Amino acid sequence: MSQMSFPLSGKTAFISGSSGGIGKAIAKTFAAKGADVILHYNLRKDGAFSACEEINNAHKDAITSSSTQGGDRNTPGKCLGVIQADFRSQEDVHKMFQSIIDKYERVDILVNNAGIVTKLAIEDDDDDLSVWHETMAVNLHAPLQLMRLAHGHMKSKGGVIINNSSIHGSRSVEFMNAYAASKAALDSLTRGLALEYAADSTWNCHIRSSVMRHMSSNNDGDDPSTDSSTKVKFFELDDAFEDDGENVVGTKFFGGNTIKEELYIPEEEEMALELQKVKPKRTKEDNEYNRFQDANAFGDDLARRAGEALQLAINKILYDDSTDDSVATWKENPSIVWETAFPKANNAGGNSPLMEMKASKDFYNKLDVAILSAKTIESTADTGVVEVRWDVGAVWPNPWESRVLLTGTSLLNVRDDKDNNIITLLKQVDKLDGNKPSDIVGSLTSQLSPRFWDVYHIGMSPSAERDPRLTTLSPSQLSTSRGNKGLLSSYTLSHLPPRLVTEPSLVDTNGRFGRTAQALPNHGFTTAIKTMGPNKEEFVPVSPIEVSISKVDGQDGSLIKWTVPVPPEFASKAVLPLPVIEEGEDDEEDNTSNDDALATSSANTPSKTSSPYSSRGPNTPAPEDPQSLKCNYSLRPPRLVATLSYAGNPQDEEVTELRRQLYQQVVENDGFKPKLDPETKRPVFFFWMNDAKACFTRAGGLGMAVYEWRADWAKTNEIGIELEC
């Protein structure tokens with residue numbers, strides 16, 4: 001490679017807050033251009049060392065390739081080391097920089113990237129304005145201190161300083177005054193120091209205003225420690241990388257997970273990772289959900305046998321699943337009749353649905369099919385007609401990889417040879433959900449265009465698989481709903497097809513200000529997703545996450561239930577894992593931390609009330625533990641719902657008034673009949689968190705939740721009421 005391929009060759013760059021996100025991306029980019037880099041973190045050492053390992057692996061691979069091909073010796077840069085410092089402490093910052101100079105004798109590029117996001121009403125801060133001062137210390141004072149130190153080192157040798165700011169420096173939102181003020185001050189400080197240092201013509205000062213928020217504490221996703229005397233830690237890399245399989249975070253942080261940061265309590269978050277280590281329950285049945293044994297989904301023997309046989313045949317094509325001798329063999333009659341809205345390839349499979357599926361697998365970036373339920377419509381001694389319900393998910397082969405979801409039913413005429421355990425398909429008629437059951441183009445078109453918020457958060461997580469909503473209702477649907485939407489009504493009326501869902505729930509006694517409903521509970525997770533490193537996993541995000549809050553008769557507190565649609569990739573499995581819940585039992589695991597050289601000291605572990613992200617306020621007592629933890633899968637029946645757009649969260653005070661307005665418009669004015677809870681006999685209200693994505697892997701299930709920032713003007717979320725249908 002030419003020297004121009006590595007314009008930063010011979011330079012040393014220090015990037016603060018580089019354990020993940022933007023900081024990690026900057027470090028990898030600089031290294032790719034030839035610079036040797038030094039990484040920094042406060043608490044999330046795993047992320048920093050993983051990033052460093054990735055950079056050094058790329059460096060080693062380039063050297064090997066260059067030697068093999070006989071090319072020149074110019075290669076990408078390497079990671080020199082990882083350093084830890086708490087930026088709230090001026091002493092830590094000074095020691096950190098001095099350690100770098102003492103060891104490496106130079107810093108040619110300084111990137112001030114570390115920062116914390118604080119979302120807290122000013123009146124909820126304590127009398128000492130602790131959150132305000134901590135935000136200023138990390139976001140403003142530490143960059144200023146590093147710029148002064150770097151200037152003293154660079155002015156005779158040359159160098160570059162880059163400050164990573166935020167759009168909030170010029171545009172603020174409520175409850176983020178400290179963060180916005182710190183970024184506005186950093187913008188102004190950068191311009192001012194650029195003028196002051198202009199006399200030193202050998203170096204430059206730059207500002208970068210990010211359109212994405214910093215999503216981490218000291219830019220590494222952990223709460224700052226409460227011990228200001230934390231020692232600076234510098235680690236050599238010769239023996240630092242021993243892959244322990246953890247790699248990164250999953251259930252802790254990922255991308256734009258702002259709400260998780262606001263509610264972040266390390267002790268509770270670690271519980272999610274422990275799900276991979278807990279002992280199984282006493283019986284296998286308590287620890288898994290067998291879809292084809294669920295009588296609500298597969299209510300008779302022929303339906304169960306046909307559904308299970310068809311799913312296994314599909315899985316062999318899409319996932320190379322192995323044969324199960326206990327499941328009937330699925331075959332297609334050579335003269336099969338197939339009526340479908342799906343296009344058929346001319347030379348693929350003719351009238352064979354399975355062969356067409358195999359051909360489609362090569363076209364889409366990803367294709368998933370799940371048989372959700374089945375029922376026998378009519379049957380004789382050896383034949384029958386079975387109606388199956390399915391979900392089809394696909395990742396479209398366009399640049400932004402649109403994720404589409406189609407739902408519908410198929411009528412299957414089958415011959416059941418029980419003696420040989422074979423089910424043969426004779427005829428198949430497919431219908432899409434909606435008013436136009438054969439309009440495949442219309443069903444796809446609305447899902448192919450890039451979604452604004454997916455583009456805004458690009459690189460943070462893949463686009464979400466959206467739970468389908470049919471907003472154009474058929475006359476029969478409207479007639480059975482007994483209502484008629486008025487011209488001045490502001491709500492949206494939608495029909496939701498049946499879906500497989502997972503439903504974690506608990507009884508919460510902390511009330512509105514505990515904000516328990518705002519994030520998926522740990523007992524709903526069945527795995528932890530690794531989002532970086534050599535064991536990085538693919539996952540499917542789904543949205544929205546639905547929350548319902550209701551009274552509990554005879555108990556204090558409220559029943560909170562989350563309803564999460566299961567993507568067809570995961571739903572295609574016959575047996576789904578259930579989270580292990582062992583309430584009230586002592587934890588027999590050894591939870592003592594390692595005392596090795598890379599371990600974070602116990603002084604760095606924040607308390608439950610020390611987080612600057614928490615909007616509970618620094619003087620608010622720790623929340624009470626939830627009760628009655630449950631989690632299950634179920635086939636959600638078809639639903640008719642009415643919703644109002646809203647910018648806030650499920651336990652905001654405004655939700656009560658919006659519920660009242662929705663009920664007045666839908667029930668009192670337009671005559672729809674609300675569906676009543678069978679126990680409380682009250683209308684069923686719910687909240688859709690459209691700014692949230694629940695992430696699944698096929699092997700492990702629900703493993704992560706991503707909460708993205710959305711502007712208030714977008715009114716992304718929705719408040720809804722369920723209607724009789």
Side-chain angles (χ1 to χ4, degrees), residues 13-32 37-55 79 82-85 87 110-119 135 138-139 142-143 162-169 176 179 182-183 186 208-224 246-262 264 269 453-462 529-533 536-537 539 541 611-613 691 693 695 704-709:
F14 169 72
I15 303 98
S16 69
S18 41
S19 61
I22 297 173
K24 176 184 174 181
I26 294 172
K28 292 178 69 175
T29 301
F30 280 11
V37 297
I38 303 165
L39 308 187
H40 157 261
Y41 75 98
N42 180 27
L43 291 181
R44 208 181 83 187
K45 70 178 183 184
D46 289 346
F49 281 109
S50 176
C52 197
E53 184 180 22
E54 290 179 38
I55 292 170
C79 179
V82 177
I83 192 166
Q84 186 275 340
F87 275 19
L110 166 67
V111 181
N112 279 313
N113 176 71
I116 58 174
V117 177
T118 49
K119 190 171 183 182
T135 306
V138 176
N139 293 1
I162 302 171
N163 292 334
N164 193 356
S165 185
S166 167
I167 194 173
H168 289 280
M176 295 188 69
Y179 178 74
S182 69
K183 291 302 181 180
L186 182 63
R208 176 190 182 276
S209 183
S210 171
V211 297
M212 293 182 286
R213 301 182 189 181
H214 293 255
M215 295 300 164
S216 54
S217 164
N218 291 358
N219 210 70
D220 64 15
D222 293 309
D223 289 331
E246 295 292 338
N247 291 309
V248 175
V249 268
T251 48
K252 287 184 181 177
F253 288 97
F254 181 78
N257 198 340
T258 55
I259 292 180
K260 267 291 194 193
E261 290 187 354
E262 295 163 21
Y264 179 64
E269 288 297 307
W453 292 110
D454 284 331
V455 174
Y456 182 87
H457 291 283
I458 192 168
M460 291 187 176
S461 65
I529 300 175
K530 298 177 179 67
T531 60
M532 292 185 284
K536 178 180 178 181
E537 297 174 281
F539 58 90
S611 171
Y613 304 119
D691 58 359
K693 300 176 181 179
C695 304
M704 180 172 64
V706 177
Y707 298 82
E708 296 180 335
W709 176 79

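Predicted, not measured: the structure shown is a model, and the values here were computed from it.
For the pair H40 (side chain) and A85 (backbone), a donor-acceptor distance under 3.5 Å is present. No side-chain donor-acceptor contact under 3.5 Å links N164 to the backbone of A114.
Taking CD1 from I38 and CZ from F30, the interatomic distance works out to 13.0 Å, rounded to the nearest 0.5 Å. Rounded to the nearest 0.5 Å, atoms OG (S50) and CZ (R44) are 8.5 Å apart. E53 contributes atom CD, which lies 11.0 Å from atom CG of D46 (distance to the nearest 0.5 angstrom).
The shortest heavy-atom contact between A31 and I55 is CB-CG2, 3.6 Å. In plain terms, the two heavy atoms of K24 and S19 that are nearest each other are CB-C, 4.4 Å. Here the shortest heavy-atom pairing between N139 and G115 reads OD1-CA, 3.2 Å. The minimum heavy-atom distance linking V111 with I26 is given by the pair CG1-CD1, 4.1 Å.
Every residue meeting the side chain to side chain contact (heavy atoms under 4.5 Å, CB included) condition with A142, not counting sequence neighbours, appears here in chain and number order: F87, V93.
Side-chain contact between L186 and P143: present, with at least one pair of heavy atoms (C-beta onward) separated by less than 4.5 Å. Looking only at side-chain heavy atoms (C-beta outward), L39 and C79 come within less than 4.5 Å of each other.
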| query | Could you go step by step and tell me if N113 and S18 meet the side-chain contact (heavy atoms from CB on, under 4.5 Å) rule? | reply | CA-CA 8 Å; N113 176 71; S18 41; 5.8 Å; no
| Can V37 and K28 be said to form a side-chain contact (heavy atoms from CB on, under 4.5 Å), step by step? | CA-CA 9 Å; V37 297; K28 292 178 69 175; over 6 Å; no
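Donor-acceptor pairing under 3.5 Å is recorded for the side chains of T135 and T118.
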